[in-house]
Participant: 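I am attaching a structure below and will ask some questions about it afterwards.
Heads up: numbering here begins at 1 and tracks the sequence.
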Amino acid sequence: QAQIVESGGGLVQSGGSLRLSCTASGFSLAFHSIGWFRQAPGKEREAVASINGGGGGTRYADSVKGRFTISRDNAKNKNEVFLDMSDLRPSDTGTYYCAASWGDLNFGLRASGYEYWGQGTQITVSP
């Protein structure tokens, strides 16, 4: 069964850093565009960042530019995507989801373009 798994969430103080990881079981993330999305309680899901299959193209939401970095390790048998977050703010609190789409056609920040979704990992940033 194809699954996406996020890890690395937790509780951090304002100004702190975290690294999220996205991996897959049942299939490989190779050649997939990957997007990170988040949803805060009572709010709609919003895009955070995305990276294309080769790793050479990235997109960021304005709210995280300069603070978050998306990257991927496409080495054989790895195919892991990371979201490095720094200068975290209470407004970054939420459940973070990793999503995958085959190829680069849907590369970008539109959630509707992604077919596979993880269960999410919680990030809480305290003031």
Side-chain angles (χ1 to χ4, degrees):
Q1 183 179 358
Q3 284 188 321
I4 288 181
V5 180
E6 305 96 338
S7 62
L11 174 64
V12 63
Q13 289 187 330
S14 182
S17 300
L18 279 175
R19 168 177 259 205
L20 301 185
S21 173
C22 175
T23 57
S25 63
F27 75 107
S28 171
L29 292 181
F31 309 113
H32 284 76
S33 293
I34 303 298
W36 283 101
F37 297 82
R38 68 186 181 188
Q39 187 167 20
K43 294 187 177 181
E44 293 187 353
R45 181 176 54 190
E46 63 176 353
V48 176
S50 65
I51 190 166
N52 68 356
T58 57
R59 304 265 173 86
Y60 295 94
D62 289 342
S63 59
V64 306
K65 281 181 182 177
R67 300 188 298 122
F68 290 13
T69 302
I70 188 170
S71 62
R72 68 188 303 157
D73 183 348
N74 282 346
K76 186 178 180 181
N77 298 326
K78 288 193 175 180
N79 295 305
E80 193 169 3
V81 177
F82 306 99
L83 185 67
D84 289 292
M85 305 176 291
S86 62
D87 189 23
L88 283 162
R89 307 164 181 170
S91 58
D92 294 317
T93 293
T95 301
Y96 283 67
Y97 300 90
C98 177
S101 177
W102 171 260
D104 289 347
L105 182 63
N106 293 312
F107 162 58
L109 299 177
R110 290 186 304 111
S112 60
Y114 293 88
E115 305 103 271
Y116 305 103
W117 290 80
Q119 294 298 307
T121 184
Q122 176 68 33
I123 291 177
T124 302
V125 184
S126 62

Participant: What's the shortest heavy-atom distance between Lys43 and Gln39, and which atoms?
Facilitator: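 That would be O-NE2, 3.0 Å.
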Participant: Might you work through the side-chain contact (heavy atoms from CB on, under 4.5 Å) test for Ile4 and Cys22, ending with a clear yes or no?
Facilitator: CA-CA 7 Å; Ile4 288 181; Cys22 175; 3.6 Å; yes
Participant: Does some side-chain heavy atom of Val81 sit less than 4.5 Å from a side-chain heavy atom of Trp36?
Facilitator: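 Yes, close enough: below the 4.5 Å cut-off.
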Participant: For the atom pair CD1 (Ile70) and OG1 (Thr58), what is the distance rounded to the nearest 0.5 Å?
Facilitator: 7.5 Å
Participant: What are the two closest non-hydrogen atoms of Val48 and Leu83, and how far apart are they?
Facilitator: CG1-CD2, 4.1 Å
Participant: Count I, L, V, M, F, W, Y as connected when their side-chain heavy atoms are under 4.5 Å apart, and connections chain through other members. Are Leu18 and Tyr97 then in the same cluster?
Facilitator: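 Looking at the clustering, Tyr97 is in a separate group from Leu18.
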Participant: Which heavy atom in Ser33 sits nearest to a heavy atom in Gly103, and how many Å separate them?
Facilitator: OG-O, 2.7 Å
Participant: Go through it in stages, so that I can follow the logic: the residues are Leu20 and Glu6, the test is side-chain contact (heavy atoms from CB on, under 4.5 Å), and I'd like the CA-CA distance, side-chain angles, deciding distance and then a yes or no.
Facilitator: CA-CA 7 Å; Leu20 301 185; Glu6 305 96 338; over 6 Å; no
Participant: Provide the closest heavy-atom pair for Ala61 versus Ala47 in the form atom of the first, atom of the second, distance.
Facilitator: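 Closest approach of Ala61 to Ala47: CB-O, 3.3 Å.
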Participant: Does a side-chain heavy-atom distance below 4.5 Å link Thr93 with Gln122?
Facilitator: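 In contact.
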Participant: Please determine whether residues Phe107 and Phe68 belong to a single hydrophobic cluster, defined as Ile, Leu, Val, Met, Phe, Trp and Tyr linked transitively by side-chain heavy-atom distances below 4.5 Å.
Facilitator: no
Participant: Mark yes or no for whether Asn79, through its side chain, and Phe31, through its backbone, hold a donor-acceptor pair below 3.5 Å.
Facilitator: no
Participant: Quiz question: by atom type and distance under 3.5 Å, do the side chains of Glu115 and Ser101 form a donor-acceptor pair?
Facilitator: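 Looking only at side-chain atoms, Ser101 and Glu115 do form a donor-acceptor pair, the distance falling under 3.5 Å.
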Participant: Determine whether a donor-acceptor pair (N or O, by modelled atom type, separation under 3.5 Å) exists between the side chain of Asp104 and the backbone of Gly53.
Facilitator: yes
Participant: Return the OG to CG distance between Ser17 and Asp84, rounded to the nearest 0.5 Å.
Facilitator: 8.5 Å
Participant: If I take atom CD from residue Glu80 and atom CG from residue Asn74, how far apart are they, to the nearest 0.5 angstrom?
Facilitator: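 Reported to 0.5 Å precision, the distance equals 11.0 Å.
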Participant: Any sub-3.5 Å donor-acceptor pair from Asp87's side-chain atoms to Arg67's backbone N or O?
Facilitator: no
Participant: How close do Ser14 and Pro127 get, heavy atom to heavy atom, and via which atoms?
Facilitator: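 Ser14 and Pro127 have their closest heavy atoms at CB-C, 4.0 Å.
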Participant: With the side chain counted from C-beta on, respond yes when Phe37 and Thr95 share a heavy-atom pair under 4.5 Å apart, and no when they do not.
Facilitator: no
Participant: If only atom types and distance count, is the side chain of Arg72 paired as donor or acceptor with the main-chain N or O of Ile34 below 3.5 Å?
Facilitator: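 Checked: no pair found.
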Participant: Taking all non-hydrogen atoms of both residues, which atom of Ala100 and which atom of His32 are closest, and how far apart?
Facilitator: CB-CD2, 4.1 Å
Participant: With a 4.5 Å cut-off on side-chain heavy atoms, are Phe82 and Asp73 touching?
Facilitator: yes
Participant: Is it true that Asp92 and Arg89 make a salt bridge, defined as a side-chain N closer than 4.0 Å to a carboxylate O?
Facilitator: no
Participant: Going through the distances and angles, do Ile123 and Arg38 end up as a side-chain contact (heavy atoms from CB on, under 4.5 Å)?
Facilitator: CA-CA 9 Å; Ile123 291 177; Arg38 68 186 181 188; over 6 Å; no
Participant: Yes or no on side-chain contact (heavy atoms from CB on, under 4.5 Å) for Asn106 and Tyr114, after CA distance, side-chain angles and deciding distance?
Facilitator: CA-CA 7 Å; Asn106 293 312; Tyr114 293 88; 5.6 Å; no
Participant: Calculate, to the nearest 0.5 Å, the distance between atoms CD and CG belonging to Glu46 and Leu109 respectively.
Facilitator: 10.5 Å
Participant: Are Tyr60 and Val125 grouped together when hydrophobic residues (ILVMFWY) are joined by side-chain heavy atoms under 4.5 angstrom apart?
Facilitator: yes
Participant: Which value, rounded to the nearest 0.5 Å, describes the distance between Phe27 atom CZ and Trp102 atom CH2?
Facilitator: 10.5 Å
